[in-house]
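Working notes, beginning with the structure itself.
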2 protein chains.
Amino acid sequence: MATIQDVATAAGVSTASVSRYLAGQTVRAATDIARAVDELGYQPNVSARNLRTGRHAAIGVIVPDVTNPFFAALIKGIEQEARTAGLQILLGNSDEDLEQENALIGELSQRTDGIIIAPLVEDGRSAEDVARLRLPVVFVDRESRERRDVDRVMVDNLEGTRLAVAHLAALGHERIAFIGGPLSSTPGRERHAGFRASMAARGMPVDEALVVVADFRESGGHDAMRALWRSRPTAVFVANNLMTIGALRALDELQVRVPADISVVGFDDLSFAPLLRPPLTVVRRPEVEQGATAARLLLDRIGAEPGADPVILTLPVELVVRGSTAGPPRERAAHHG
Amino acid sequence: MATIQDVATAAGVSTASVSRYLAGQTVRAATDIARAVDELGYQPNVSARNLRTGRHAAIGVIVPDVTNPFFAALIKGIEQEARTAGLQILLGNSDEDLEQENALIGELSQRTDGIIIAPLVEDGRSAEDVARLRLPVVFVDRESRERRDVDRVMVDNLEGTRLAVAHLAALGHERIAFIGGPLSSTPGRERHAGFRASMAARGMPVDEALVVVADFRESGGHDAMRALWRSRPTAVFVANNLMTIGALRALDELQVRVPADISVVGFDDLSFAPLLRPPLTVVRRPEVEQGATAARLLLDRIGAEPGADPVILTLPVELVVRGSTAGPPRERAAHHG
DNA sequence: CTGAAAGCGCTAACAC
DNA sequence: GTGTTAGCGCTTTCAG
């Protein structure tokens, strides 16, 4: 591997001039240097540069599960934005494991200029760990109770839930069930709270047997739905994409028809949602954009003075009505009769 | 940030001893050093270490599309294995763009100890670029015509295709259509070749109107299916997951019933495949395992002498028969009559 | 087992 | 605009 010294010698200048040329400054021997760089196939040594400058030209991204389509889209958005700025992505998959998440924070913070993280829980050590770092950090989709002073890019969970409940209520549903995620996580807590608030706002009582807190996984949604069905809801709002898949699987097993026997609304769209029979009604949000926004926020922080007020962005959601929602069985029976 | 010098001073030893302690060697003042490390919250500077050792403790992963469930699963497998070995992942998403892929190869090769790549095409510059690197490289899922001397972890595309065709033929289908990916890519080429070979092996003629080469994207599958339907196939084998989604969408639009009017087999399972109505019959492969295998191969290469013979691993596939395949319409009519 | 010291390749003062 | 040079923090000879 050629070094900057080799290039300097070949071009008949000092390493400083080569360094300046590389940095885009005007240099007299530019053409000579360019030729030397080309001939030697010179590539600057990243480690040396990083050591010298104290920067890394990389950002860390920590998500609970790369295979969740939402996080995959998030990563895509982050990647696009980071690439434009010339930064690499160090990816960490915590696999829904707090220990792993903590380890990742420690490791990535030593090799990046900033971190984008979707923390597993709101009050975990992770939040504290992140605080201790002097690195810029952006929370995506999830926030931390301890670190209210950190930038974050959220999504309007309350509004999403309200839209779902309003839609179901408008169709005449009264026995609306809710399958939520861990209350320790932001989407879990907010969507849960949003559900109760939306029901209350409409003067609708919440049957506690119809509210299940699960784990955001497919299996969790599946088990929750099986448990829930015994209490005969006429509609169910499922708080994330994976659990929705699980819930649909459970309904399938139970031979419960959608939407004839039960209406289903999911949170987060899925590429195949329109393909399901019936096509799934969902609350949709701009996933890739959420990632890109988080990246932009982080890039702004990197290189800026620390201590500025935290930026909190809340992206809008929309309800996409497809075929999985209809009036409750009773009403339909009435209509038919 | 505390440096190794600070620790050495605090512990009353030289930096060399601290370095040795950190490397796990037996050192007399171990307890003193341990305490100093702890009190100062010492974290070794990664850039300095990398500069000195010439290593990076990181591997690069380049895929065409993070949001494709297959690649997401691949990444998950790679991540798991790399983490165990203490290596970080630098992720590159080429977004199905050759230029981008080339740029990524260049960038990542300067900051990693090895690269796992699923190349877009078999004879692109990427292959050449990779060859020029002196880094260990592993191709996953896709290979390169120019670089036959590189490790690779493939999947048995021919067998997968054969299983699909055999299944459809056994059901009585004769007009079997094929929607493939770019012939410039390995899965595109092999599945296409496999289809023709499997048909020939059974003495079944291939109607050229029933063979479409698309682009592995959802839209490609959609358009191909619409075009294909005019020639009235009784079954279709779609060569990847995204295109299968598109094809199903097209059939839906055309109000063609599956499997009553047409049987469908996809390549690559999908978490929601069992949820589709009818549940989708697919060729399945061990995706996460494929990633993990590639990572293991790369890890073996890193630190080993270069020049060993290339390792070529081909992982098995299996056919998962669900509800989207049945006998052809004619036969069914005959049975009913 | 230990310490002194060289040096990985680069950038940024600094003096010209 | 240019060259000289110090030094980022670490590991690894080398001599003891």
Side-chain angles (χ1 to χ4, degrees), chain A residues 1-37 40-58 86-88 106-107 109-113 134-135 302-303, chain B residues 1-37 40-58 86-88 106-107 109-113 134-135 302-303:
Chain A
M1 270 275 99
T3 71
I4 198 171
Q5 183 56 260
D6 300 331
V7 176
T9 309
V13 295
S14 72
T15 59
S17 286
V18 179
S19 179
R20 289 183 187 114
Y21 166 79
L22 260 31
Q25 297 177 34
T26 38
V27 170
R28 203 162 296 155
T31 38
D32 291 340
I33 298 175
R35 183 155 32 79
V37 164
L40 295 169
Y42 171 70
Q43 310 266 53
N45 180 309
V46 183
S47 300
R49 175 177 288 170
N50 290 350
L51 173 59
R52 180 59 228 237
T53 61
R55 263 175 264 116
H56 295 274
L87 298 185
Q88 300 297 329
E107 291 161 19
S109 64
Q110 291 168 58
R111 359 173 88 224
T112 59
D113 300 322
R134 279 166 212 158
L135 280 187
I302 295 174
Chain B
M1 272 273 99
T3 70
I4 199 170
Q5 184 55 258
D6 300 331
V7 177
T9 309
V13 295
S14 72
T15 59
S17 287
V18 180
S19 179
R20 288 181 187 117
Y21 166 80
L22 261 30
Q25 297 177 37
T26 39
V27 170
R28 202 163 296 152
T31 39
D32 291 340
I33 297 175
R35 182 156 32 77
V37 165
L40 295 169
Y42 170 70
Q43 311 264 53
N45 179 310
V46 184
S47 300
R49 175 176 286 171
N50 290 349
L51 173 58
R52 180 58 229 236
T53 61
R55 263 175 264 116
H56 296 274
L87 298 186
Q88 301 296 329
E107 291 160 19
S109 63
Q110 291 167 59
R111 359 172 89 224
T112 59
D113 300 322
R134 278 165 213 159
L135 280 186
I302 295 174

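Bear in mind that the values here come from a model prediction, so they are computed numbers and not experimental data. Residue numbers start from 1 in every chain, and the chains themselves are labelled A, B, ... in the order their sequence lines are given, proteins ahead of strands.
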**side chain to side chain contact (heavy atoms under 4.5 Å, CB included) against Ser14(B), all qualifying residues, sequence neighbours excluded** = Ala16(B), Ser17(B)

**Separation of dG9(D) C1' from Tyr42(B) OH (nearest whole Å)** = 7 Å

**Prompt:** Do you know the tightest heavy-atom contact between Ala8(B) and Val18(B)?
**Reply:** CA-CG2, 3.7 Å

Between the protein and nucleotides 6-8 of chain D, which nitrogen or oxygen pairs come in under 3.5 angstrom?
residue	atom	partner	partner atom	Å
dG7(D)	N2	Arg52(A)	NH1	3.2

Which donor-acceptor pairs under 3.5 Å do the side chains of residues 28-36 of chain B make with protein atoms, sequence neighbours left out?
residue	atom	partner	partner atom	Å
Asp32(B)	OD1	Arg35(B)	NH2	3.0

**Item:** Length of the CG-C1' vector between Asn50(B) and dT11(D), whole Å
**Value:** 12 Å

**Message:** Taking side chain to side chain contact (heavy atoms under 4.5 Å, CB included) as the definition, give me every residue that meets it alongside Arg49(B), ordered by chain and number, with sequence neighbours left out.
**Reply:** Pro44(B), Thr53(B)

**Item:** Length of the line joining Gln5(B):CD and dC10(D):P, which is rounded to integer Å
**Value:** 9 Å

**Asked** For Ser19(A), what residues pass the side chain to side chain contact (heavy atoms under 4.5 Å, CB included) criterion, not counting sequence neighbours?
**Response** Ile4(A)

**Asked** Just how far, in rounded Å, is C1' of dG9(D) from CZ of Arg111(A)?
**Response** 15 Å

**Message:** If the helix axis at each end comes from five base pairs, how far does the helix from dC1(C)-dG16(D) to dC16(C)-dG1(D) deviate from straight, to 10°?
**Reply:** 30°

**Request:** Quick one: list whatever passes side chain to side chain donor-acceptor pair (under 3.5 Å) with Glu107(B), sequence neighbours left out.
**Result:** Arg83(A), Gln88(A)

**Item:** DNA chain D-proximal residues of residues 16-24 of chain B, any heavy atom under 4.0 Å
**Value:** Ala16(B), Ser19(B), Arg20(B)

**Of residues 25-32 of chain B, the positions that come close to DNA chain C - non-hydrogen atoms, cut-off under 4.0 Å** = Thr26(B), Val27(B), Arg28(B), Ala29(B)

**Request:** Quickly work out the Gln110(B) CD to dC10(C) C1' distance and round it to whole Å.
**Result:** 14 Å

**Item:** Flag, side chain of Asp113(B) to backbone of Arg55(B), donor-acceptor distance under 3.5 Å
**Value:** no

**Request:** Take the protein atom CD1 of Ile4(A) and the nucleotide atom P of dC8(C), then report the distance between them rounded to whole Å.
**Result:** 14 Å

**Message:** Under the rule for side chain to side chain contact (heavy atoms under 4.5 Å, CB included), what residues qualify as partners of Gln25(A), not counting sequence neighbours?
**Reply:** Arg20(A), Ala23(A)

**Item:** Tyr21(A) and Val7(A), any side-chain heavy atoms less than 4.5 Å apart
**Value:** no

